[in-house]
Amino acid sequence: MALDDVRMRGFRRRWDAHQARQQLLERITALGAEEVSLWEAVGRILAEDVASPMDVPYFDRAAMDGYAVRGEETFGASSYSPVSFRLVGESLPGRPCPRALAPGETVRIMTGAPLPEGADTVVRAELALEQGTVVQVLEAVPPGKSVSRRGEDVQAGNLLLSRGRRLRPQDVAILAAAGLSRIPVIRQPRVAVLITGDELMPLGAHLSNFRIIDSNSVMLDALIRRDGGLPMHGDLVPDQRETLRQRLKEACEAAEVVLISGGSSVGREDYAPLLVAELGELLVHGVAMRPSSPTGLGWIAGRPVILLPGNPVSCLCAYDFFARPAICRLAGRSTAWPYRQVCLPLAAKISSELGRLDYVRVRIRNHQVEPIATSGASILSTTTQADGFVLVPPESEGYAAGQTVPVYLYDEEESHILEQ
Ligand code: AMP
Ligand code: MG
């Protein structure tokens with residue numbers, strides 16, 4: 001694909017953020033299935049409808065501790081005129097009574113134990129008196145009482161869970177109860193992360209010579225995991241065209257999504273956009289949003305390649321806006337924002353430019369939304385001080401003080417914030 005070299009010239013046009021995202025997402029569908037054990041299945045996305053292969057429970061069992069009898073034989077019983085039964089055995093969970101009940105007989109039975117043949121009800125222990133080999137029943141108990149019937153929970157052939165379900169702890173329990181141990185789930189996309197920048201040093205390095213620590217990789221790692229991807233990290237990539245080309249090619253072979261941090265803009269050493277265009281297709285470069293305008297979106301060998309600006313705030317915002325939905329869609333998950341929304345009035349106005357989407361970090365104090373004044377994309381602490389963010393859409397020039405706006409909260413638990 002022919003490409004304008006925008007380096008040191010700037011973007012000629014910027015893409016609308018939603019259109020840009022649409023460009024990327026319309027080509028992405030969920031990955032195929034793999035089988036996993038139920039031990040690993042929580043949080044994964046079910047790839048197929050699952051029906052129960054059996055009735056649960058698959059036998060009639062006691063729902064209470066007591067005595068198994070034929071219900072109709074208790075009719076007329078009261079504490080004044082109890083009905084007596086012969087105690088002929090015991091049924092325990094997993095250790096049933098081997099013989100059937102003859103008329104006038106009972107067996108002691110514990111919750112979860114199979115009902116002996118001939119019995120149809122359980123008299124709760126409180127309603128009976130056991131004396132040697134005789135059990136006196138003090139109340140009439142209708143057939144079926146305190147019995148959990150075969151198939152009461154789930155019947156063979158019933159749909160247990162539908163395709164697309166994000167599995168909860170109780171979901172794996174019901175699958176286990178129905179006798180399943182492995183289930184088909186959508187594969188997790190492998191996400192290659194290429195961190196570029198000659199100035200970068202790895203986590204914990206001793207800094208010298210004006211270098212800085214690469215803080216994006218730990219953040220991206222957590223975001224990718226949150227969204228159901230499997231992050232793949234390699235060594236930091238220097239700002240060298242050939243090295244980046246090689247690493248990009250390798251990444252496209254090893255992963256289903258490639259993220260490149262840094263080198264996505266119009267600087268002299270920003271090779272990523274050129275290389276994506278050279279090796280594949282650069283769909284979008286330059287987006288009308290703040291921060292994150294130097295974002296790029298492309299496609300190499302059937303893999304989405306997302307160019308994230310190196311500035312940490314932009315990197316977070318561009319990840320959430322573009323990489324997140326791409327990874328979620330591959331993983332079979334919803335692309336909706338993973339942040340809870342609250343609507344509260346603004347303590348101060350937010351100004352924005354028409355035609356640009358703004359990601360404004362905000363604090364919540366006294367049930368009001370306070371925009372954080374410093375807006376620089378390199379000021380990472382604005383995101384740690386923020387409780388969440390407000391999006392100002394391109395068609396808006398901002399919001400007036402006092403206006404109620406939706407806030408996306410970074411934390412799932414909002415109550416502590418709303419009390420501040
Ligand atoms: P770039 O997008 O490569 O032009 O980088 C923009 C700014 O972000 C520069 O100040 C970089 O030093 C900084 N930066 C780039 N990558 C990272 C990173 N991985 N961690 C922290 N800061 C970075
Ligand atoms: Mg750079």
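Counting from 1, the numbers follow the sequence of the chain as shown. Both ligands and their constituent atoms are indexed starting at 1 by order of listing. None of these values were measured; they are calculated from a predicted model. All values below were derived from every heavy atom in this structure, side-chain atoms included, with hydrogens, water molecules and symmetry-related copies excluded.
- Closer than 4.0 angstrom to ligand 1 by heavy atom are Ile195, Glu199, Leu200, Ile212, Ile213, Asp214, Ser215, Asn216, Ser261, Gly262, Gly263, Pro309, Gly310, Asn311, sorted by chain and number.
- Applying the ring pair (Phe, Tyr, Trp, His ring centres under 6.0 Å) criterion to Tyr359, with sequence neighbours excluded, gives Phe389.
- If you check the side chains of Ser52 and Asn158, you find no donor sitting under 3.5 Å from an acceptor.
- If you take CG on Leu223 and CZ on Arg324, they are separated by 10.0 Å, rounding to the nearest 0.5 Å.
- Defined by atom type and a distance below 3.5 Å, a donor-acceptor pair is present between the side-chain atoms of Glu130 and Tyr67.
- More than 12 heavy atoms of other residues, nucleotides or ligands lie within 6.0 Å of CD in Glu40, so this atom counts as buried by the packing criterion.
- Side-chain polar atoms of Tyr319 and Asp227 form a donor-acceptor pair below 3.5 angstrom.
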